[in-house]
Amino acid sequence: MTYEQALAYLTEHGQEHLLRYYDQLTPEQQAHLLEQIEGLQLERPQFQNRDAAAQKRGSFAPLGAATLEQIAEKSEEYRKIGLRAIREAKVGAVLLAGGQGSRLGFDHPKGMYNMGKTRDLYIFECLIHNLKKVTDEAQAYVPLFIMTSEQNDAETRAFLKEHDYFGYSADNVHFFRQETEPAVDENGKIFMSAPDQIVLSPNGNGGWFSSMQRAGLLELVNEIGIEWLNVFAVDNVLQQIADPVFLGATIASGCASGGKVVSKAAPDERVGVLCLEDDKPSIVEYYEMTEEMRTRRNPDGTLAYRFGVILNYLFRVDALMHTLGSDFPLHIAHKKIAHLNEQGELVKPDTPNGYKFETLVLDMMHMQDSCLAFEVDRTKEFAPVKNAEGVDSVATAQALLEQNGVVL
Ligand code: UTP
């Protein structure tokens, strides 16, 4: 793209300020900036009008789950099926570690956060420890695909290498980078973070499969013969990965996907709920639920929309292929975004000042024909580290780790 083409394109979309410093840049910087502009795709409706990103939802209905009691009765049978699938190399794990962790306010990849009190215990270490419990039992490795972002890729790779992958086999760890989207201010103008740099943020956790494809990893998935991918968030330090019982139950159910869920503690708990939307599996966010949905009860007194998701899903690879090339909705998140101000100084705001565009893994769930909701005990499997203080914070996750016998 030439300067003239960039100017015409940006002017058409009201973003010509991105070329404000062009004359002051070196030829390399100019080329770098033009390359970013070329990748912007500003013609998409969400960039013209933020309301276009608001999703129209269908009609919701509750979805039952395999409950703790039901799972306990058949756990040995499920475990055998799951372990067999692992030994037959049919299972891969995908760690979503491309987020920015802005709520935690930690300036490094979230997985590098040290949860220890008297010793070092990094979040990545907690996760790999949990995965190793399973691979030791199965006596077979599960290929681990780690999604990073442009911003944290080098640091994540270096950290894991330096720590020798916390005992996992390096040959079974594969990194890939997720794609980006520009961030805009309250008036829809794209932010810059340097005279030759547009603020490009990771495009949300929904892009993991297409990003794996772009990185050439689906060829590896097919070569190994992986049939199931277990996708999970970096920030749950009690996350159980490639859980054989979950795998076995999902395989036995014949469903195209599975989702770990916990029983909501109260109608107002702020978690997305696994349910049906127009007869397909879907996740309804807490803020999208009506009062009637939040409080509706089954005859036995339990909440009808009871099963909250914890970002631990199983997807059948052949069913995922259909999602490639699909138009994922772009969600808008109001966030704190560091940027160059009018004077060309870098500002780091304390309150949200703009918007990022994200695809979400929950939209991928809605593209599946069926899903087994699989209930787990939240005190054993759900310790999210989202905030610096208060709810879902380091302190609450540390308490849960200790409750589960982990020495900190
Ligand atoms: P969150 O939705 O909590 O986002 O991520 P975040 O960026 O980590 O944190 P905040 O909102 O800025 O505080 C849930 C999971 O999805 C991953 C995160 O790394 C985490 O495992 N994620 C999120 C990505 O991999 N890429 C993204 O673009 C966003």
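Because only heavy atoms are used, hydrogens play no part in the values below, and waters and symmetry mates are left out as well, while side chains stay in. For clarity, every value in this text was computed on a predicted model and none was experimentally measured. Atoms within each ligand, like the ligands themselves, are counted from 1 in listed order.
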Ring-ring centroid check [X] [Y], cutoff 6.0 Å:
X    : Y    : answer
F176 : F145 : no
F232 : Y313 : no
H331 : F357 : no
F315 : F209 : no

message: Side chains of D185 and N353: any donor to acceptor distance under 3.5 Å?
response: no

query: How does A97 reach ligand 1, by side chain, by backbone, by both or by neither, if only non-hydrogen atoms under 4.0 Å count?
result: backbone

Which residue holds the protein heavy atom closest to [atom], what is that atom called, and what is the gap in Å?
atom                    : answer
atom 23 (C) of ligand 1 : G99 CA, 3.6 Å
atom 6 (P) of ligand 1  : G101 N, 3.6 Å
atom 16 (O) of ligand 1 : N205 ND2, 3.2 Å

On a heavy-atom basis, I'd like to know which of [options] is closest to [atom].
atom                    : options                : value
atom 26 (N) of ligand 1 : Q178, Q239, E181       : Q178
atom 11 (O) of ligand 1 : K336, E358, K356, K335 : K335
atom 17 (C) of ligand 1 : I146, V94, I123, L96   : L96

query: Going through the distances and angles, do E375 and V262 end up as a side-chain contact (heavy atoms from CB on, under 4.5 Å)?
result: CA-CA 6 Å; E375 190 187 5; V262 293; 6.0 Å; no

Consider every N or O of [X] and every N or O of ligand 1, then say whether any pair is closer than 3.5 Å.
X    : value
F232 : no
M147 : no
S102 : yes
A233 : no
L311 : no

message: Which label fits F159 and H163: parallel for a plane angle under 30°, tilted from 30 to 60°, or perpendicular past 60°?
response: tilted

field: Numbered atoms of ligand 1 (with element) below 4.0 Å of K386, judged on heavy atoms
entry: 1 (P), 3 (O), 14 (C)

message: Apply salt bridge (Lys or Arg N to Asp or Glu O under 4.0 Å) to residues K260 and E381 and explain how you reach the verdict.
response: CA-CA 10 Å; K260 284 204 168 185; E381 297 204 20; 2.8 Å; yes

